[in-house]
Amino acid sequence: MKQFWRWNCMFSLAIWLSFCILLNACGIKAALDFKPNIVLMLADDLGIGDLGCYGNNTIRTPNIDRLAKEGVKLTQHIAAASLCTPSRAAFLTGRYPIRSGMASSNSYRALQWNAGSGGLPNNETTFARLLQQQGYTTGLIGKWHQGVNCDYGNDYCHHPLNHGFDYFYGMPFTLLNNCQDNKPPELDAAFQAKLWFYTQLIGLAVFSVLTGKITGLISVPWKVILCFSLFGFLFFASWYSSYGFVKHWNCIMMRNFSITEQPMKLERTTSIMLQEALSFIQQNKQGPFLLFVSFLHVHTPLFTTKRFLGKSKHGLYGDNVEEMDWVVGQILDAIDKQGLKNSTFTYFASDHGGHLEAQDGTIQLGGWNGIYKDSENPGGS
Ligand SMILES: *[C@@H]1O[C@H](CO)[C@@H](O)[C@H](O)[C@H]1NC(C)=O
Ligand SMILES: *[C@@H]1O[C@H](CO)[C@@H](O)[C@H](O)[C@H]1NC(C)=O
Ligand SMILES: *[C@@H]1O[C@H](CO)[C@@H](O)[C@H](O)[C@H]1NC(C)=O
Ligand SMILES: *[C@@H]1O[C@H](CO)[C@@H](O)[C@H](O)[C@H]1NC(C)=O
């Protein structure tokens, strides 16, 4: 039996070998050397149940549906994690996020601060790096969320340009509620609320004791009051220094290593990103190129331009999905117009499922996962 298996194995090897020689001889090697352009589009927190091609009959996603109709629609295409940072680390490297240190079991599974020193390690190999080595021009437009610096504010050790991308325009971090005024803060929300609660509590205590002292109702030494005030001030200072500048430090746009907007202006982000994508295609039409469009859609705060605002049947969330679909259409049209359709591999996916818990009272702000159960963890991104 063993012998038979070995012979069988050698036989197949021989067939493969002759096949390879034949291919080379027939010049098919040239065909195998063909380098298609690659356009990847990744949505943020989009649920599988939000798209027409997966059975949604109330949200209009004609462009993504067209992509599915003209190509292949995958139904067993699983994300490696239910949260951005680890799932994107896996997407970029093809490795389980735990292998690159990008997974964790608590709510800090996602990078929570732009200025944090964590991120995708240098020794990980992204598909962008592999394609770069194959002569591709590689561009990332949109969200990164894999870290920026290690030890200094300008070492850029985790930056896209140090992970195989020739060009980067977008958010080094992730979109979040804090990027829009008058939205409930999202970053580190539970801890922030706790810190603010204790700050207020101590403030109230100091105020009451001070009032008591001044009116002569209670007798406490000034030293004790001073001590308490200092304590309260420290709480306030740590709250304010951590959460008073969230938008300023995290909601920024960069071109390569330079910051172009700080804080970013949400009302023009979509149009600039689209322009960047279109001009990348135009400039690199000679190919081969990799364009990774990493959408800020459909993450909260769901900032949507006037053209799509109030137009869908599913509130702000639906508006935002429909706007994203329109952008997808513009990119597909550009590929068509440049005559690149037959030589471009185009792929659309979500980084993982919808953020079911994202709600404002009874209004649903997160996506719909169709037949699939569960969601991101609260505080996800
Ligand atoms: C379509 O998407 C919306 C928004 O996520 C969702 O509420 C609705 O249930 C979906 N419809 C179907 C048929 O899945
Ligand atoms: C990168 O380095 C870390 C730490 O030394 C190691 O755990 C990890 O396996 C390395 N990754 C690769 C792809 O070699
Ligand atoms: C971005 O950086 C790449 C190389 O690192 C360079 O080729 C390109 O010109 C830069 N683009 C801009 C707009 O600075
Ligand atoms: C693309 O391929 C299709 C099908 O093979 C063909 O009909 C069409 O003419 C091709 N288009 C271009 C621009 O090469």
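Atoms within a ligand are numbered from 1 in the order they appear, just like the ligands themselves.
The distance between the ring centers of F257 and F168 does not fall below 6.0 angstrom.
Protein residues with a heavy atom closer than 4.0 Å to ligand 1 are G49, D50, G55, N56, N57, T58, I59, H314, Y317, W368, listed by chain and number.
If you run side-chain hydrogen bond (donor to acceptor under 3.5 Å, both in side chains) between E124 and each of R129, H163, Q146, R95, only R95 comes through.
Looking at residues two or more places apart in sequence or on another chain, you find no side-chain hydrogen bond (donor to acceptor under 3.5 Å, both in side chains) involving N177.
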Could you go through residues 282-292 and list every donor-acceptor pair under 3.5 Å that involves a side-chain atom there, pairing it with any protein atom two or more places apart or in another chain?
| unit_1 | atom_1 | unit_2 | atom_2 | d |
| --- | --- | --- | --- | --- |
| Q282 | OE1 | Q338 | NE2 | 2.7 |
| N284 | ND2 | F280 | O | 2.9 |

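Distances between N or O atoms of N123 and those of ligand 2 include at least one value under 3.5 Å.
Using bins of under 30°, 30° to 60° and over 60° for the plane-to-plane angle, the ring pair H145/F173 lands in the perpendicular bin.
Each ring-ring contact (aromatic ring centres under 6.0 Å, His included) pair with one or both residues in residues 304-344, not counting sequence neighbours, appears once here: F308-W326.
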